[in-house]
Each structure stands twice: as structure tokens, then as C-alpha cells.
Amino acid sequence: ALHVFVFVWTPALERRGPKTQSLNGSTGIAGGVDDPMSGVSAVPHGLVFSLFMACKMAGSQLYMIIGDRVPAAAILRAVFLGSTVVF
């Protein structure tokens with residue numbers, strides 16, 4: 001599942017992202033499909049990736065804090081409940 005995420009998150013954002021106008025005037029999806037060398041990107045890939053990594057680090061730190069105090073089954077239930085609410 002992690003490998004699917006690693007290879008699919010960028011194209012998924014580009015498909016859903018806003019259409020941009022490249023430097024030569026052609027329109028494309030997130031960076032100019034018509035002109036890949038335009039350098040124009042509507043999706044801030046660096047920001048998205050850094051937020052993914054910050055959330056991963058925050059989750060790891062939170063688990064280190066509560067991992068010994070709370071049973072694993074309760075943590076798993078909370079994670080599933082939270083992901084259901086967010087989804």
C-alpha cells in the first residue's frame with residue numbers, strides 16, 4: 001500500500017488540480033500537459049510532500065507518548081474512528 005501511495009499521489013493531485021495556463025499560452029492540467037517544459041505548476045508538490053512528512057512525524061511522536069499508557073486496541077479504534085470521520 002505504501003508503494004501505491006508513493007507512485008500515485010503526484011498524478012492524482014495533478015489530475016484533480018486546477019487547470020493552468022503555461023508560458024506559451026496553452027492550457028493544461030497542473031504544469032501544462034501540452035508543454036511539459038513550461039515550469040508552471042498549480043500543485044505545490046513540495047508543500048504537499050512536506051505536510052505528509054510532518055504528519056508522519058507528528059503521528060510517530062504521539063504514539064511514542066501514549067504507546068505505553070494506552071492499550072493497542074484502543075489506539076487502533078481511535079485511528080479507525082478518526083479516519084472514518086475525516087473520510
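Atom set for the values below is all heavy atoms of this structure, side chains included, hydrogens, waters and symmetry mates excluded.
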Taking [Y] as the starting point, is it possible to reach [X] by hopping between hydrophobic residues whose side chains are less than 4.5 Å apart?
X   : Y   : value
I66 : M64 : no
I75 : I65 : yes
V79 : V70 : yes

- For F52, the ring-ring contact (aromatic ring centres under 6.0 Å, His included) test, sequence neighbours excluded, returns F5, W9

- Message: Is it true that, when you exclude M53 itself, more than 12 heavy atoms of the residues, nucleotides or ligands shown sit nearer than 6.0 Å to its CE?
- Response: yes

- Query: So, for V48 and L13, which heavy atoms are closest and what is the spacing to 0.1 Å?
  - Reply: CG1-CD1, 3.7 Å

- Note on the structure: Residues passing the side-chain contact (heavy atoms from CB on, under 4.5 Å) test with T10, sequence neighbours excluded, are E14, H45

